[in-house]
Amino acid sequence: MSKYILAGIDGSAESTAAAQWAADEAVRRGHALRLVHAWTWEDDVHADPGQPAEVRALTERMLANAAQQVRSAHPGLEVHTSLLPGHEPTASLLAAAAESELLAVGSLGLGGFEGLLVGSVGLNAAARCDVPVVLVRAAQTQQADARDAAEVVVGIDTRAPANEVIDFAFQEAATRGTVLRAVHGWTPPPVWGYAGWVAPQIETEQFRTIEDELLSQVLSVWRDKYPHVAVIEDSRIGSSAGAVVDTSRNSALVVVGRHRRRHHLGLRLGPTAHAVIHHAQAPVAVVPHD
């Protein structure tokens, strides 16, 4: 089977936005699109739960409608639909995603406090999936289309840069023909806070010079690999998550990383990825890395 982009569909406005985003991505990459639904996610309220055939027919109709919308917007795009087996939706979705290039799912996050409404399936997929997961909110596809010079934003830890994350971000910027903004948030050494002092301006500028240079060093090899991608190096005082969220307002896609290694509580998202998912104003790609 040809390479494809996967989108999880449940009939919500958020999943429709995810399907639209995935279709655009499939066209950019020259891949097929596969729309899937684990029909235990959202059994239609009008269906009789005692009539599995009726529920299945409704979900198949929902998938067919989603596919038709995508085909209308992207004539010629190869689109497949599937009902996923199993009784645990995240597990079914992850199994299907293992054979794909990327998974797109809907996100209920609305920013601010309401950003905590991302949804369990999306969060679980982002924390456990072996391929990049993109979380899309209902209004974000229209917002991104309306931006004149939407950027791809990637958060970078200069002390432990993740090659898979940076490479994914550069690829996205290259396929879109847009600018890549590499964001690095940093704070002065903790000794200033422990001493109750505020770093003098001259000290702050020295720290800034060091952090700027570290970011440039990390990006140098990627600039050589992707010479046609314009890069903005954005090193600023503040938390990593806060810096990325702040720049997400003018972006088409935000890229963050997630360690593949297991935490003692199991696979989980790190604090930066978690905060960005909940509060970013653009679709967020969570890229697993070693």
**Message:** Give me the atom names and distance for the closest heavy-atom approach of Ser92 to Leu84.
**Reply:** O-CD1, 3.7 Å
**Request:** Please round to the nearest 0.5 Å and tell me the distance separating atom CG of Asp24 and atom CD1 of Ile5.
**Result:** 11.0 Å
**Request:** Report yes if the side chains of Ile232 and Leu180 come closer than 4.5 Å at any heavy-atom pair, otherwise no.
**Result:** no
**Fill in**
Rounded to the nearest 0.5 angstrom, the OH-CG distance for Tyr4 and Leu35 is 11.5 Å
**Message:** One thing to verify: whether Arg208 and Glu205 come together as a salt bridge, which I'm taking to mean a side-chain N less than 4.0 angstrom from a carboxylate O.
**Reply:** yes
**Asked** Hey, any chance Val218 and Ile210 share a hydrophobic cluster, counting ILVMFWY side chains that come within less than 4.5 Å of each other, even indirectly?
**Response** no
**Request:** Determine, stepwise, if the pair Arg249 / Glu151 fulfils salt bridge (Lys or Arg N to Asp or Glu O under 4.0 Å).
**Result:** CA-CA 10 Å; Arg249 295 183 181 90; Glu151 306 167 337; over 6 Å; no
**Message:** Could you measure the distance from the CG atom of Leu33 to the NE2 atom of His80? Nearest 0.5 Å is fine.
**Reply:** 8.5 Å
**Item:** Shortest non-hydrogen contact between Ala18 and Ala104, atoms and distance
**Value:** O-CB, 3.8 Å
**Prompt:** Is there a donor in the side chain of Asp212 and an acceptor in the side chain of His184, or the other way round, less than 3.5 Å apart?
**Reply:** no
**Message:** Check the orientation of Phe207 and Trp186. Use parallel for under 30°, tilted for 30 to 60°, and perpendicular for over 60°.
**Reply:** perpendicular
**Message:** Once side chain to side chain contact (heavy atoms under 4.5 Å, CB included) is applied, do any residues pair with Ala285, and if so which ones, sequence neighbours excluded?
**Reply:** Val134, Phe168, Leu253, Val255
**Prompt:** Ignoring hydrogens and geometry, is there a side-chain-to-backbone donor-acceptor pair from Ser100 to Leu103 under 3.5 Å?
**Reply:** no
**Request:** Verify side-chain contact (heavy atoms from CB on, under 4.5 Å) between Thr175 and Phe170, making sure each step is shown before the conclusion.
**Result:** CA-CA 9 Å; Thr175 58; Phe170 268 89; over 6 Å; no
**Prompt:** Do Ser72 and Gln68 have side-chain atoms, one donor and one acceptor, less than 3.5 Å apart?
**Reply:** yes
**Message:** Which heavy atom of Val245 sits nearest to which heavy atom of Ala280, and what is that distance?
**Reply:** CG2-N, 4.3 Å
**Prompt:** What's the spacing between Leu215 CG and Ser235 OG if we round to 0.5 Å?
**Reply:** 6.0 Å
**Prompt:** Given side chains that start at C-beta, do those of Val276 and Thr272 come closer than 4.5 Å, heavy atoms only?
**Reply:** yes
**Asked** So, Gln171 and Asp167: side-chain donor and acceptor under 3.5 Å apart, yes or no?
**Response** yes
**Asked** What distance separates His31 NE2 from Leu77 CG, expressed to the nearest 0.5 Å?
**Response** 11.5 Å
**Asked** Is the shortest side-chain N to carboxylate O distance from Arg260 to Glu164 below 4.0 Å?
**Response** yes
**Message:** Are Val36 and Ile9 packed together at the side-chain level, in the sense that at least one heavy-atom pair is separated by less than 4.5 angstrom?
**Reply:** no
**Item:** Non-hydrogen side-chain atoms of Arg29 and Leu102 separated by less than 4.5 Å
**Value:** yes
**Request:** Evaluate the side-chain proximity of Ile166 to Pro161: yes if any heavy-atom separation is below 4.5 Å, no if none is.
**Result:** yes
**Asked** Would a 4.5 Å heavy-atom cut-off, applied to side chains only, mark Gln69 and Thr16 as touching?
**Response** yes
**Asked** Side chains of Arg34 and Ser82: donor-acceptor distance under 3.5 Å anywhere?
**Response** yes
**Asked** Hey, what's the ring geometry for His278 with His274, parallel, tilted or perpendicular (30° and 60° as the breaks)?
**Response** tilted
**Prompt:** Between Glu233 and Arg223, is the closest basic N to carboxylate O distance under 4.0 Å?
**Reply:** yes
**Request:** Report yes if the side chains of Glu14 and Ser107 come closer than 4.5 Å at any heavy-atom pair, otherwise no.
**Result:** no
**Request:** Find the distance between CG (Leu94) and CG (Asn124) and round it off to the nearest 0.5 Å.
**Result:** 8.0 Å
